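Written below as structure tokens is the structure these notes are about.
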Protein chains: 2
Amino acid sequence: MRRTTTLRATAPAQRASATRPPASRAATAERQIFDTIAEAIAGRRLPPGTKLTEEQLASTFGVSRARIRRVLLLLSQERIVTLKPNRGAYVARPTPQEAREVFAARRLIEDDMAARFAALPPAARAAAARRLTAHVERERAAAAAGDRSASIRLSGEFHQLVGTLAGNAVLAELLEPLIARSSLAIAAYQPPSAEDCAPDEHAAIITALQDGDAALARRLMAEHLEEVEHKLVLDGDAEPAIDLKRVLLGA
Amino acid sequence: MRRTTTLRATAPAQRASATRPPASRAATAERQIFDTIAEAIAGRRLPPGTKLTEEQLASTFGVSRARIRRVLLLLSQERIVTLKPNRGAYVARPTPQEAREVFAARRLIEDDMAARFAALPPAARAAAARRLTAHVERERAAAAAGDRSASIRLSGEFHQLVGTLAGNAVLAELLEPLIARSSLAIAAYQPPSAEDCAPDEHAAIITALQDGDAALARRLMAEHLEEVEHKLVLDGDAEPAIDLKRVLLGA
DNA sequence: CGCGTTAGGATTGTCCACAATCCACGCAGC
DNA sequence: GCTGCGTGGATTGTGGACAATCCTAACGCG
């Protein structure tokens, strides 16, 4: 037997809000599997291109293949996983173009969210800022402990949290897969030398949000996202197959 | 046998781009079913709350229940359909809050798209504007023919087309379910007296886009969306169940 | 007469076995 | 030695059967 891909069952943070206490047992189990895989991908323990065999996942989580199948379908809907017919599921590899577009979409949405957050009534704003501050503390702790995977996850969750607290749930839902796709783009295109997203920038954003300084918050958020994007190497080396075709057509 | 819900098999416009000519036969069949149902919902032939029985859908489309099941899962991901565990699938009924948030998200995204479109290089912009104009012609024809369902569908497709032509595919993907959800909100909250989206407003937007007048295009687009939203009656009458509870608590 | 209870029927959820598809390897032919 | 073509093994896709769940309605009891 070949060495199976490691998928440690770290219980990830609950996704969205758990409305119903009991809910459906099956549905929650499925969500846990979803979150575990999504988190492993976002945390870059499963790099782009990794094959996700149904059987392996089924035995890993101790469930039937049918359930894995549904989870993979859901993951493919978020563009985190690519489903090739009769070939199986693979961790998605965004194209440079797609990566740029994802970041553009994030800038648009998160700019609006920053403005929205800053416009919150003072009391709610203060409470929300406290939650953000507590979150950044956890980011700092993970960074200090050298836990790279946790750092990455928490950094994404920071942005998600800003969106959730900003008060438009629909926009926050749209943001969620974009953050995951960003992480995928980073995994694919960030040179190993570059540092990840520092908690300090997040802290600066919080200060602006807390003060209700919408203009500053938006500027900092935009700069923060641009900085992350600019660390990526998105030019050059297109797909080898395409290159080949061009060579043949050009020759 | 009871009268089955009418789901005429009008072949809807191809969704996104059909990259591969053969592709997977099953996948395309599934997409067709998806599109047919989605279009029936968006066209308000299936109003919010309608029960979507797996068996009925399966026999209607002549496929197995398993495939219907996948389609319903996908539809529920787009928030067009609500999946209640052990209860089945229902056409979603957005809350007033959700409806407002959907329109807010649309304003944000479509404002950006209008700006993007207006900033296109002149040649591409002219070509794109021609496609929009051709589309509005079809809207006019449907309106003149009194085909309400087609009018609604084409009106949604206009916005989708602006997004597609504006050049950010990721944003255009995000917009798609938002348009469907808008249609659902309209079905739920627009009084029967109100008129639908008129093609003339679309034509005015096209002119501004064509001229590269970003400021005007953005303003017209924003006004257009606001007008649609303001026709809805989103205040008052919360869920009856909630009302009951409040009465009991208050009494 | 109203409420709680309990079968009945229908619908959804799950699993399992089989069919279809595809890649990798090996082999003949040039 | 390289190219092209079958064959084997593994993996995915599909259908059908069965189990679990829930609503409806009738029934009996207080």
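Please read all numbers here as calculations on a predicted model, not as lab measurements. Note on naming: letters A, B, ... go to the chains in the order of the sequence lines (proteins, then strands), and numbering restarts at 1 for each one.
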Practice problem: Just jot down the side chain to side chain contact (heavy atoms under 4.5 Å, CB included) partners of A/F158, sequence neighbours excluded, or say none. | Solution: A/L132, A/H135, A/V136, A/E139, A/V162, A/H202, A/I206
Exercise. Could I get the full list of side chain to side chain contact (heavy atoms under 4.5 Å, CB included) partners for B/E98, not counting sequence neighbours?
Key: A/V170, B/P94, B/T95, B/V102, B/R181
Quiz prompt | Test side chain to side chain donor-acceptor pair (under 3.5 Å) applied to B/S151 - qualifying residues, sequence neighbours left out | solution = none
Quiz item: Out of D/dT11, D/dG13, C/dT14, which nucleotide sits closest to the side chain of B/R69?
Solution: C/dT14
Practice problem: Between protein and nucleotides 18-23 of chain C, map the contacts as a letter string: B base, S sugar-phosphate only, - none, heavy atoms under 4.0 Å, written 5' to 3'. | Solution: ---SSS
Quiz item: For B/R69, what residues pass the side chain to side chain contact (heavy atoms under 4.5 Å, CB included) criterion, not counting sequence neighbours?
Solution: A/R70, B/E54, B/R65
Quiz prompt | NZ/NE/NH1/NH2 to OD/OE distance under 4.0 Å, A/E39 and A/R45 | solution = yes
Quiz item: Which residues pass the side chain to side chain donor-acceptor pair (under 3.5 Å) test with A/Q77, sequence neighbours left out?
Solution: none
Exercise. Could you tell me which residues satisfy side chain to side chain donor-acceptor pair (under 3.5 Å) with A/S59, sequence neighbours excluded, listed by chain and number?
Key: none
Practice problem: Establish, with yes or no, whether the OP1 or OP2 oxygen of C/dT14 is under 4.0 angstrom from a side-chain nitrogen or oxygen of A/R70. | Solution: yes
Quiz item: Excluding sequence neighbours, so at least two apart, what forms side chain to side chain contact (heavy atoms under 4.5 Å, CB included) with A/S64?
Solution: A/A66, A/R67
At a cut-off of 3.5 Å, list every protein nitrogen or oxygen paired with a nitrogen or oxygen from nucleotides 6-10 of chain C, distance to 0.1 Å.
none

Quiz item: Is there a side-chain polar atom (N or O) of A/S64 under 4.0 Å from OP1 or OP2 of C/dC15?
Solution: yes
